[in-house]
Amino acid sequence: MSVRVRIAPSPTGNLHIGTARTAVFNWLFARHQGGKFILRIEDTDLERSQPEFTQNILDGLTWLGLTWDEGPFFQSDRMDLYAQNIQALLDKGLAYRAYDTPEELEAMREAQKARHEAPRYDNRHRNLTPEQQAAFEAEGRKAVIRFKIDDDREISWIDLVRGTVTWKGRDLGGDIVISRAADTHGIGQPLYNFVVVVDDIEMQISHVIRGEDHIGNTPKQILLYEALGATVPEFGHTPLILNQAGQKLSKRDGVTSISDFKQMGYTPEGITNYMTLLGWSPPEPMTEIFTLAEAAQQFGFDRVNKAGAKFDWDKLNWLNGQYLHSMPVEHITDTLIPYWRDANYPFDETRDRNWLEQIAALVAPSLSRLDEAVPMTRYLFMPLTFTEEAKAHLQQDGSATALKAILAATDPDTQLTEDAIQTVIKQVVKEQNLKKGLVMKSLRASLTGALQGPDLVQSWLLLNQKGMDRDRFEQAIAISAS
RNA sequence: GGUGCCGUAGGCAAAUUGGUAAAGCCGUCGAUCUUUCAAGUCGAUGCUUGCGGGUUCAACUCCCGUCGGCACUGCCA
């Protein structure tokens with residue numbers, strides 16, 4: 001049997017990191033098995049589904065490199081199929097119409113709670129007589145359709161990551177609603193648990209790989225597979241991604257959508273690598289830094305951990321940095337340009353290309369996120385703002401002397417080279433009898449407005465190419481005097 | 001409350017069928033390089049495997065109990 005897996009996000013929000021991680025495991029498994037990875041958009045909740053979220057999900061998956069082989073399929077296009085299957089269940093007597101009002105259900109649960117019982121539907125409308133049904137309809141009540149669940153059934157499956165999992169029918173909460181309320185004899189909007197099964201059957205999904213939060217849905221769905229006369233697929237429930245407090249990561253935890261990560265300057269390679277590590281571990285000779293394709297060669301559920309994993313920014317940052325450090329200059333320059341542009345730094349992409357590449361080469365080795373390049377390179381693009389420490393340094397004895405000497409020792413009409421800079425520094429140190437540290441710090445303070453930052457000689461070179469160095473020395477000398 | 005799942009250092013985690021002194025990575029700390037920060041390099045720190053029993057020559061790995069965490073418990077997905 002060929003392997004067919006799917007990722008089925010619902011467009012009620014941007015692509016979430018948890019969904020993306022599930023997509024990674026599905027993708028990895030499909031590639032490892034030579035199977036198909038299918039994308040299905042679960043938009044049965046008409047109220048909450050939005051087209052822009054669908055777009056965000058598609059864009060996110062594409063950006064991450066999680067390409068799909070079939071789809072996207074939309075559940076909203078398949079309503080007839082669901083209605084047919086619900087009718088079939090109705091015809092077979094496996095499902096029925098229930099006329100309870102939301103208020104009645106609420107009251108029932110309250111009563112159960114008061115009696116310290118587990119809230120569940122008591123199947124009160126399972127065996128209504130035609131007369132009773134007619135009476136409810138005469139009242140103008142609408143009916144949901146419920147699927148019968150046998151209290152005495154025991155359902156179990158061999159989970160790909162957890163082994164045998166068993167549930168009792170009585171713990172499933174009574175007959176489940178598979179379609180929303182609709183007028184007499186009509187079939188309302190089909191609900192998640194039912195739709196998933198119909199689609200997975202129809203799309204011949206062989207392995208359902210999803211988050212652990214779906215474990216409780218699985219027994220209900222297995223019963224539905226049986227009722228629809230279909231083969232039950234394999235199930236694998238992956239551990240959840242947890243927040244600092246150890247709870248399921250949710251939008252309330254701040255940055256959780258892939259588009260946010262992208263904007264913050266994480267690379268798709270870094271994110272997918274990290275998400276894979278959250279639950280899966282590579283076999284021995286392999287290091288923790290790997291591409292999706294490399295992971296796919298080794299991927300298997302035997303190496304997927306069962307416990308939830310806390311999301312660790314430190315490790316993500318480190319991993320992302322590894323990718324940034326090894327990125328070719330042209331590539332990282334291309335990637336950095338949008339960040340500089342968004343910061344409104346003035347430059348001409350074409351004419352300044354070489355200069356921009358030098359900047360990229362200068363800062364890339366110390367980045368862990370792309371957006372860090374913005375504050376880090378600000379002094380190369382914008383007028384200076386001085387930190388208090390920098391000002392204080394410039395006001396020290398010898399600082400102005402050093403800068404004046406440097407001004408005198410350099411020719412405004414000749415572009416500097418690295419060697420020339422080294423020579424000038426040595427010369428000034430010797431002639432003015434100053435400490436090298438003081439000269440260097442004065443240079444840094446005057447050129448960058450700060451006492452720490454990227455390599456100073458390279459920075460000066462870059463500023464010199466733009467003719468931005470001498471004015472800064474003058475400005476600094478003025479500060480020295482004040 | 002009920003049901004289910006899970007529990008190896010601060011975080012991610014490894015450990016062939018129970019068998020050496022419980023890998024590795026991140027973090028932290030220190031050293032080094034540098035005018036500086038970051039990065040890099042080198043080194044160090046930390047778990048008696050939630051806890052208590054049991055089986056065994058031997059248990060992170062098996063059994064029993066216990067505690068804790070999380071997830072689910074919808075006419076959401």
Side-chain angles (χ1 to χ4, degrees), chain A residues 8-13 19 42-45 47-49 75 98 100-102 105-106 109 112-113 115-121 142-146 159 161-162 165-168 170-173 176-182 188-189 191-193 195-196 211-219 237 239-240 242 244-248 274 277-284 287-289 303 305-319 321 324-325 363-368 372 376 389 425 435-445 448 450-457:
Chain A
S10 74
T12 53
T19 309
E42 312 231 307
D43 55 354
T44 52
D45 187 336
E47 318 279 87
R48 297 196 299 150
S49 296
Q75 292 185 327
D100 313 276
T101 64
L105 294 175
E106 183 56 29
R109 291 193 190 100
Q112 289 166 338
K113 245 181 149 178
R115 275 176 271 136
H116 298 290
E117 293 173 5
R120 58 154 18 232
Y121 181 61
K142 294 184 174 185
V144 299
I145 293 170
R146 284 183 183 269
D159 198 273
V161 348
R162 284 151 217 288
V165 180
T166 306
W167 288 72
K168 290 185 177 61
R170 70 182 70 258
D171 293 327
L172 261 25
I176 60 170
V177 178
I178 56 175
S179 91
R180 288 182 145 117
Q189 287 171 30
L191 261 14
Y192 172 75
N193 272 122
V195 167
V196 170
E212 188 191 343
D213 47 349
H214 280 286
I215 268 195
N217 289 144
T218 303
H237 292 90
L240 263 22
L242 276 20
Q244 283 283 312
Q247 298 155 324
K248 182 166 80 165
Y274 182 64
L277 248 17
L278 244 31
W280 183 74
S281 59
E284 253 324 322
T287 68
E288 288 197 330
I289 299 177
R303 298 193 70 85
N305 202 46
K306 295 193 236 314
K310 284 186 187 171
F311 190 90
D312 181 8
W313 287 96
D314 284 334
K315 187 152 185 179
L316 202 220
N317 287 337
W318 172 79
L319 203 44
L324 259 24
H325 301 171
V363 299
S366 53
L367 291 178
S368 61
E372 292 167 352
M376 206 178 276
E389 298 91 40
I425 292 170
K435 286 193 172 154
K436 189 185 180 189
L438 179 115
V439 175
M440 294 301 276
K441 275 189 176 177
S442 302
L443 272 170
R444 180 176 287 288
T448 73
L451 253 29
Q452 55 188 43
D455 185 86
L456 181 56
V457 172

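Note on naming: letters A, B, ... go to the chains in the order of the sequence lines (proteins, then strands), and numbering restarts at 1 for each one. Hydrogens, waters and symmetry mates play no part in the numbers below; they use all other heavy atoms, side chains included.
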[options]: which one has an atom nearest the side-chain heavy atoms of [X]?
{"X": "Ser366(A)", "options": "C26(B), A77(B), A39(B)", "value": "A39(B)"}
{"X": "Val165(A)", "options": "G4(B), U35(B), C76(B)", "value": "G4(B)"}
{"X": "Asp314(A)", "options": "C12(B), A77(B), G27(B)", "value": "G27(B)"}
{"X": "Gln247(A)", "options": "C70(B), C76(B), C5(B)", "value": "C70(B)"}
{"X": "Lys310(A)", "options": "G4(B), G2(B), G11(B)", "value": "G11(B)"}
{"X": "Ala309(A)", "options": "G4(B), A13(B), U35(B)", "value": "A13(B)"}
{"X": "Arg109(A)", "options": "U3(B), C12(B), G74(B)", "value": "G74(B)"}
{"X": "Asn217(A)", "options": "G74(B), G4(B), A77(B)", "value": "A77(B)"}

G-U wobble or Watson-Crick pairing nucleotide for [N] (cut-off 3.5 Å, both distances):
{"N": "A71(B)", "value": "U3(B)"}
{"N": "G19(B)", "value": "C57(B)"}
{"N": "U36(B)", "value": "none"}
{"N": "G43(B)", "value": "C29(B)"}
{"N": "A13(B)", "value": "none"}

Across the strands shown, which category fits [X] at heavy-atom distances under 4.0 angstrom: base, sugar-phosphate, nothing?
{"X": "Gly173(A)", "answer": "nothing"}
{"X": "Gly211(A)", "answer": "nothing"}
{"X": "Pro119(A)", "answer": "base"}
{"X": "Leu456(A)", "answer": "base"}
{"X": "Ser10(A)", "answer": "sugar-phosphate"}
{"X": "Thr166(A)", "answer": "sugar-phosphate"}
{"X": "Ser442(A)", "answer": "nothing"}

(message) Atom CD of residue position Gln244(A) - does it have more than 12 heavy atoms of other residues, nucleotides or ligands inside 6.0 Å?
(response) no

Closer than 4.0 Å, any side-chain N/O of [X] to the OP1 or OP2 of [N]?
{"X": "Arg162(A)", "N": "G4(B)", "result": "no"}
{"X": "Arg170(A)", "N": "U73(B)", "result": "no"}
{"X": "Ser281(A)", "N": "A14(B)", "result": "yes"}
{"X": "Lys436(A)", "N": "U35(B)", "result": "yes"}
{"X": "Lys248(A)", "N": "C72(B)", "result": "yes"}
{"X": "Trp318(A)", "N": "C26(B)", "result": "yes"}
{"X": "Asn305(A)", "N": "A14(B)", "result": "yes"}

[atom1] spacing across the pair [N] / [M], given as an integer number of angstrom:
{"N": "A14(B)", "M": "A23(B)", "atom1": "C1'", "result": "6 Å"}
{"N": "C62(B)", "M": "U20(B)", "atom1": "P", "result": "16 Å"}
{"N": "C12(B)", "M": "U73(B)", "atom1": "P", "result": "25 Å"}
{"N": "A58(B)", "M": "G19(B)", "atom1": "C1'", "result": "6 Å"}
{"N": "G1(B)", "M": "U8(B)", "atom1": "P", "result": "24 Å"}
{"N": "G11(B)", "M": "U48(B)", "atom1": "P", "result": "13 Å"}
{"N": "U49(B)", "M": "U3(B)", "atom1": "C1'", "result": "28 Å"}
{"N": "A21(B)", "M": "C5(B)", "atom1": "C1'", "result": "34 Å"}

In this structure, how many angstroms lie between the [atom2] atom of [N] and the [atom1] atom of [X], rounded?
{"X": "Glu212(A)", "N": "G7(B)", "atom1": "CD", "atom2": "P", "value": "10 Å"}
{"X": "Asn317(A)", "N": "C12(B)", "atom1": "CG", "atom2": "P", "value": "16 Å"}
{"X": "Tyr274(A)", "N": "C25(B)", "atom1": "OH", "atom2": "P", "value": "16 Å"}
{"X": "Glu372(A)", "N": "A39(B)", "atom1": "CD", "atom2": "C1'", "value": "11 Å"}
{"X": "Ile176(A)", "N": "C75(B)", "atom1": "CD1", "atom2": "P", "value": "10 Å"}
{"X": "Leu443(A)", "N": "U34(B)", "atom1": "CG", "atom2": "P", "value": "18 Å"}
{"X": "Asp45(A)", "N": "C76(B)", "atom1": "CG", "atom2": "P", "value": "7 Å"}
{"X": "Asp455(A)", "N": "C33(B)", "atom1": "CG", "atom2": "C1'", "value": "13 Å"}

(message) Taking atom types as they are modelled, would you say the side chain of Glu288(A) forms a donor-acceptor pair with the base of G24(B) within the 3.5 Å cutoff?
(response) yes

(message) With nearest nucleotide decided by heavy atoms, which residue, Lys306(A) or Arg146(A), maps closer to the 5′ end of RNA chain B?
(response) Lys306(A)

(request) Could you say whether Lys315(A) or Trp280(A) is positioned toward the 5' end of RNA chain B, judged by the nucleotide with the nearest heavy atom to each? (result) Trp280(A)

(message) Quick test of the criterion, 5.5 Å between centres and less than 30° between planes. Is His214(A) stacked on A71(B) or not?
(response) no

Side chain to side chain, [X] and [Y], heavy atoms closer than 4.5 Å:
{"X": "Lys315(A)", "Y": "Glu288(A)", "answer": "yes"}
{"X": "Thr218(A)", "Y": "Trp167(A)", "answer": "no"}
{"X": "Ile289(A)", "Y": "Leu319(A)", "answer": "yes"}
{"X": "Pro219(A)", "Y": "Thr166(A)", "answer": "no"}
{"X": "Leu443(A)", "Y": "Ile425(A)", "answer": "yes"}

(message) Checking Tyr121(A) against Asp100(A): is there a side-chain donor and acceptor pair closer than 3.5 Å?
(response) yes

(message) Between Asp159(A) (side chain only) and His237(A) (backbone N and O only), is there a donor and an acceptor less than 3.5 Å apart?
(response) yes

(message) If you apply the rule side chain to side chain contact (heavy atoms under 4.5 Å, CB included), what do you find for Asp312(A) with Trp318(A), and how did you get there?
(response) CA-CA 10 Å; Asp312(A) 181 8; Trp318(A) 172 79; over 6 Å; no

(message) Any salt bridge linking Arg162(A) with Glu212(A)? Criterion: basic side-chain nitrogen under 4.0 Å from a carboxylate oxygen.
(response) yes

